[in-house]
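Remarks on the structure that follows.
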Amino acid sequence: MSLHNSTQIIEPKWLARPSMVVAPELLGCYLVRQFAADRVLRGRIVETEAYAPGDPACHAYRRRTQRNEVMFGAAGLGYVYLIYGIYHCFNVVTDEFNVPSAVLIRAVELAEIPDWLPEVLPTKIIKGKPERLGAGPGKLCQLLGIDRTLNGTNLSQPPLWLETGEPTRNITQTTRIGLSQGVDIPWRWYDTNSQAVSKL
DNA sequence: TTGCTGATTATG
DNA sequence: ATAATCAGCAAT
């Protein structure tokens, strides 16, 4: 356990605000994954994107479907989907019930790299610079063992939850990545000083 | 039922 | 630049 560890679990109520308000505030907070009783991985959130109603890039823009169902749920749920048939993306559901809204977590930096990491992850995933292990929405899901079995789970309890952290000093706001619709909406935020942020 | 596309990533 | 790989979605 860390000595200077005054973090608190983030309550759903704090997340029950518009995604473009929550997204920048989530920078510096922790996404925490528990693999076993004494095996917890803590990722500091360094890059986020907001998706909201009326936003053409939002999965729920057209209509409610089986995939986007949890985006309509209460704030504080996890929305996990498969992308390109290969990777998973992890979102925090935000705003009021029935308002399809979420924050995509695009990058985390591990607070600490435990020696048991190779025991819970394929070696394929542990290669490269340590600070870039969670650099990218697909990579962070691999790192934290997030897949669709965690879709719709409550993010204020194990095995996956959010904790408060130190506020991020330097934040850059710009446009989102990998989209064909809503490309001009500046709903991406990242820690200007982080080594794990997606390239422009 | 078919065909295309996508909130990605590693590799050539 | 491109393959890997599959679910959602629209059109057939």
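We name chains A, B, ... by the order of the sequence lines, and we start the count at 1 in each one. Values in this document were obtained by computation on a predicted structure and should not be read as measured data.
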Quick check: any donor-acceptor pair below 3.5 Å linking the side-chain of Y81(A) to the base of dA7(B)?
yes

If you only use heavy atoms from C-beta on, which nucleotide in [options] is closest to the side chain of [X]?
X       : options                 : result
P137(A) : dC9(C), dT9(B), dC6(C)  : dT9(B)
T65(A)  : dT9(B), dA7(B), dC9(C)  : dC9(C)
R67(A)  : dA7(B), dG8(C), dG6(B)  : dG8(C)
K139(A) : dT9(B), dT8(B), dT11(B) : dT9(B)

What's the [atom1]-[atom2] distance between [X] and [N], to the nearest Å?
X       : N       : atom1 : atom2 : result
I126(A) : dA10(B) : CD1   : P     : 14 Å
R64(A)  : dG8(C)  : CZ    : P     : 15 Å
Q181(A) : dC9(C)  : CD    : C1'   : 13 Å
E49(A)  : dG6(B)  : CD    : C1'   : 14 Å
Y79(A)  : dA7(C)  : OH    : P     : 14 Å
L143(A) : dT9(B)  : CG    : P     : 12 Å
N68(A)  : dG6(B)  : CG    : P     : 17 Å
Y87(A)  : dG8(C)  : OH    : P     : 20 Å

Indicate, with a heavy-atom threshold strictly under 4.0 Å, whether R132(A) touches base, sugar-phosphate, or nothing.
nothing

Assign R176(A) to base, sugar-phosphate, or nothing according to its heavy-atom contacts below 4.0 angstrom with the strands shown.
nothing

Please list, by residue number, the residues of residues 96-107 of chain A whose heavy atoms come closer than 4.0 Å to an atom of DNA chain B; answer none if no residue qualifies.
L104(A), R106(A)

Please assess R176(A) against D184(A) for the test salt bridge (Lys or Arg N to Asp or Glu O under 4.0 Å), listing each intermediate value before the final yes or no.
CA-CA 8 Å; R176(A) 296 171 296 182; D184(A) 296 329; over 6 Å; no

Side-chain touch [X]/[Y], heavy atoms, less than 4.5 angstrom:
X       : Y       : value
K124(A) : Q142(A) : no
C58(A)  : M71(A)  : yes
W189(A) : L27(A)  : yes
W14(A)  : V22(A)  : yes

Modelled atom types, side-chain donor and acceptor of [X] and [Y], under 3.5 Å:
X       : Y       : result
S198(A) : E47(A)  : yes
R188(A) : T174(A) : no
T164(A) : T7(A)   : no

Would you say E166(A) has more than 12 foreign heavy atoms packed within less than 6.0 Å of its CD?
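Count not over threshold, so no.
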
Is E119(A) paired with R39(A) through a side-chain N to carboxylate O contact shorter than 4.0 Å?
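Counted as a salt bridge, because a side-chain N and a carboxylate O are separated by less than 4.0 Å.
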
Decide, yes or no, whether a salt bridge links R44(A) with D191(A) under the criterion of side-chain N to carboxylate O below 4.0 Å.
yes

Contact nearer the 5' end of DNA chain B, comparing K127(A) with I83(A):
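Between the two, 5'-proximity favours I83(A).
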
Give a yes/no answer on whether the side chain of S180(A) brings an N or O atom under 4.0 Å of OP1 or OP2 in dG6(B).
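Indeed, a polar side-chain atom of S180(A) lies that close.
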
Check the phosphate of dA7(B) against H59(A), side-chain N and O only, distance under 4.0 Å to OP1 or OP2. Yes or no?
yes

Let me know, please, whether R148(A) or I86(A) comes out on the 5' side of the other along DNA chain C by nearest nucleotide.
I86(A)

Say we look at dA10(B) and dA7(C): how far apart would their C1' atoms be, to the nearest angstrom?
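Per the computed distance, 22 Å lies between those C1' atoms.
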
Hey, is Y84(A) doing a stacking thing with dG6(B), by the 5.5 Å centroid and 30° angle criteria?
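Answer is no, no stack.
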
Both distances under 3.5 Å, Watson-Crick or G-U wobble: on that basis, could you give the dot-bracket string for DNA chain B, with [ ] for crossing pairs and | for other-strand partners?
||||||.||||.

